[in-house]
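Every chain is numbered from 1, with letters handed out A, B, ... down the list of sequences.
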Amino acid sequence: MPELPEVETICRYLRDGTSTTPSLLGLVIKSAQVLWQRSLATPSVDEFYRRLPGQVITKISRRGKFILFSLTRDSLLIHLRMSGDLLVEPADTLPALHHRILIFFQNGKRLAFNDARKFGRVWLVDDPEQVTGGLGPEPLAANFTAEDLYQRLQETHRQLKPLLLDQSFLAGLGNIYVDESLNLARLHPLENSALITELQAVRLWESIRQVLTEAILRNGASIDWVYRGGDFQNYFRAYDRAGQPCIACGTPIQRIKVGQRGTHFCPNCQKRA
DNA sequence: CACGAGACCTGTTCGC
DNA sequence: TGCGAACAGGTCTCGT
């Protein structure tokens, strides 16, 4: 599921709760269970079990694609990678097939980290910066300006698509939202970042923020078998629309491979300089 | 420095 | 219908 809008949606679900699920804020951790060792990045399973009990969830936030639980003493970070998901459920039910790590609370609920492909990771650290320290700016934050983006594009000579996927350049975009942002900004995915004009950089900045804001409003995108109620997939302009007409000009959307990733763009609207 | 390929994994969809 | 190939929202590491 997981790019910035989907992670933000899950984050809100955990923090605000729903009519049937309580918020996790303020809950006291009773115990934990690691069902697949490699899903736990750090510390060891033993230390994980030792440190968690008794800690309270005091804050739930997001940084890039990481979900950050601030606990009494430590920070618990989760990255969902390709197929991860987080669910709040009764503590006494049988763990589902792809559940990898469970955290039990004193109120009879548990948080389940479900991850079919086992790419996701969980960290328990005393300083979250140990995990998120290398991330680039947060695209929706007030301190991320178009001027910033322009400057940083000038500092390197890389193709736009792989550059925007690089989390140390900008945090939170993934394959869907890079394609969507570049299409809205009318920029070719292979364009050299150093050739981007200031005007184009402003357009890219606006596009990224518009696409992410709209996607969050629609609770993210739900595709394939992972479904969480988001419906932004019905508003894609480029992603997964190969052969279908461009929203702006009607030209069929083209699909190419860039760095092993499927890349969708309009050959008419998104031309290289 | 910039890029491509391979690895890590399981499940679904596509093509013959 | 069956079966292998290709593909999937991510990121790391290695070789050129």
Side-chain angles (χ1 to χ4, degrees), chain A residues 1-11 35-42 62-67 77-86 96-101 113-123 131-136 139 152-183 189-195 208 211-212 214-216 218-243 255-264:
Chain A
M1 315 201 35
E3 296 180 43
L4 189 153
E6 291 76 32
V7 175
E8 177 66 26
T9 299
I10 291 173
C11 193
L35 303 170
W36 184 256
Q37 289 219 14
R38 300 198 57 183
S39 296
L40 181 62
T42 192
R62 177 191 58 74
R63 175 77 173 98
K65 298 174 193 170
F66 289 87
I67 293 177
L77 294 102
I78 301 180
H79 196 302
L80 304 172
R81 294 279 179 93
M82 291 291 264
S83 59
D85 197 5
L86 289 172
L97 177 62
H98 299 306
H99 281 184
R100 307 302 179 195
I101 292 182
F113 173 50
N114 183 286
D115 184 21
R117 292 178 71 181
K118 301 176 176 171
F119 288 163
R121 291 291 180 270
V122 173
W123 294 257
V131 181
T132 60
L135 291 181
R152 311 193 58 217
L153 288 168
Q154 300 306 299
E155 286 166 10
T156 186
H157 299 259
R158 295 173 61 186
Q159 300 172 334
L160 287 181
K161 166 109 189 198
L163 180 60
L164 292 174
L165 285 174
D166 183 342
Q167 302 298 296
S168 68
F169 181 80
L170 189 61
L173 295 187
N175 209 34
I176 292 178
Y177 296 101
V178 168
D179 282 5
E180 292 300 299
S181 300
L182 288 174
N183 176 264
L190 298 179
E191 185 64 274
N192 184 319
S193 60
L195 299 180
I208 289 170
V211 164
L212 292 178
E214 284 184 18
I216 289 172
R218 301 194 180 281
N219 297 313
S222 314
I223 57 183
D224 293 347
W225 77 102
V226 192
Y227 181 70
R228 192 172 206 94
D231 67 342
F232 191 69
Q233 70 278 10
N234 299 322
Y235 301 87
F236 287 163
R237 304 170 56 90
Y239 182 80
D240 204 24
R241 292 194 64 244
R255 181 194 150 97
I256 59 173
K257 283 257 183 186
V258 180
Q260 318 283 76
R261 315 297 303 277
T263 297
H264 316 74

* Asked: If you look at every strand shown and take non-hydrogen atoms under 4.0 Å, does A:Y239 touch a base, only sugar-phosphate, or nothing?
  -> sugar-phosphate
* Structure fact -> Between A:P139 and A:A171, the two heavy atoms sitting closest are CD-O, 2.9 Å
* Would you say B:dG4 has OP1 or OP2 under 4.0 Å from some side-chain N or O of A:Q260? -> no
* Asked: How many Å lie between CD on A:Q159 and P on B:dC1, as a whole number?
  -> 17 Å
* Euclidean distance, atom CH2 of residue A:W36 to atom P of B:dC8 [Å, nearest integer] -> 12 Å
* Measure the CD-CG distance between A:Q260 and A:N175 for me, rounded to the nearest 0.5 Å. => 12.0 Å
* Asked: Base, sugar-phosphate, or nothing: which does A:R255 touch, judged by heavy atoms less than 4.0 Å apart?
  -> sugar-phosphate
* Structure fact -> Readout for nucleotides 10-16 of chain C: B = base within 4.0 Å of protein heavy atom, S = sugar-phosphate only, - = neither; 5' to 3' it is BB-----
* To do: Could you state the atom-to-atom distance from CG of A:L97 to P of B:dT12 in whole Å?
  => 10 Å
* To do: In whole angstrom, give the distance that lies between atom CG of A:D240 and atom P of C:dA8.
  => 9 Å
* Would you give the length of the straight line joining atom CZ of A:R63 to atom OG1 of A:T132, rounded to the nearest 0.5 angstrom? => 6.0 Å
* Euclidean distance for P, C:dG4 against B:dC9 (whole angstrom) -> 23 Å
* Salt bridge check: are A:K161 and A:D179 linked by an N-O gap of less than 4.0 Å? -> yes
* Asked: Rounded to the nearest Å, what distance is computed from the NZ atom of residue A:K118 to the C1' atom of nucleotide B:dG11?
  -> 12 Å
* Counting only side-chain N and O atoms of A:K257, is one of them less than 4.0 Å from OP1 or OP2 of C:dC7? -> yes
* Asked: Any side-chain heavy atom of A:I101 within less than 4.5 Å of one from A:D115?
  -> no
* **Separation between the C1' atoms of B:dT10 and C:dT1, rounded to whole Å** => 23 Å
* **Non-hydrogen side-chain atoms of A:F113 and A:L86 separated by less than 4.5 Å** => yes
* Heavy-atom closest contact (A:A41 atom, A:W123 atom, distance) -> CB-NE1, 3.5 Å
* **Value in whole Å for how far the P atom of B:dC1 lies from CG of A:L163** => 14 Å
* To do: Indicate whether OP1 or OP2 belonging to B:dC3 is found under 4.0 Å from a side-chain N or O atom of A:H157.
  => no
* Asked: When the P atoms of B:dC1 and C:dG10 are considered, how many whole Å apart are they?
  -> 25 Å
* For B:dG11, take OP1 and OP2 only and decide whether either is under 4.0 Å from a side-chain N or O of A:S83. => no
* **Inter-residue atom distance A:L160.CG - A:T263.OG1, 0.5 Å rounding** => 11.5 Å
* **Exercise: identify the closest heavy-atom pair between A:K118 and A:S83** => N-OG, 4.4 Å
* To do: Round to a whole Å and report the spacing from CG of A:L195 to C1' of B:dA2.
  => 14 Å
* Span that lies between the P atom of C:dA6 and that of B:dA5, in whole angstrom -> 14 Å
* **Integer angstrom distance from the P of B:dC8 to that of C:dC3** => 27 Å
* Asked: Got A:F232 and A:N219 here, is their nearest side-chain heavy-atom distance under 4.5 Å?
  -> no
* For A:R158 and B:dG4, what is the distance between atoms CZ and P respectively, to the nearest whole Å? -> 11 Å
* To do: Fill in the dot-bracket string of DNA chain B, one character per base: . for unpaired, | for a pair to another strand, ( ) or [ ] for pairs within the strand, taking Watson-Crick or G-U pairs under 3.5 Å.
  => .|||||||.|||||||
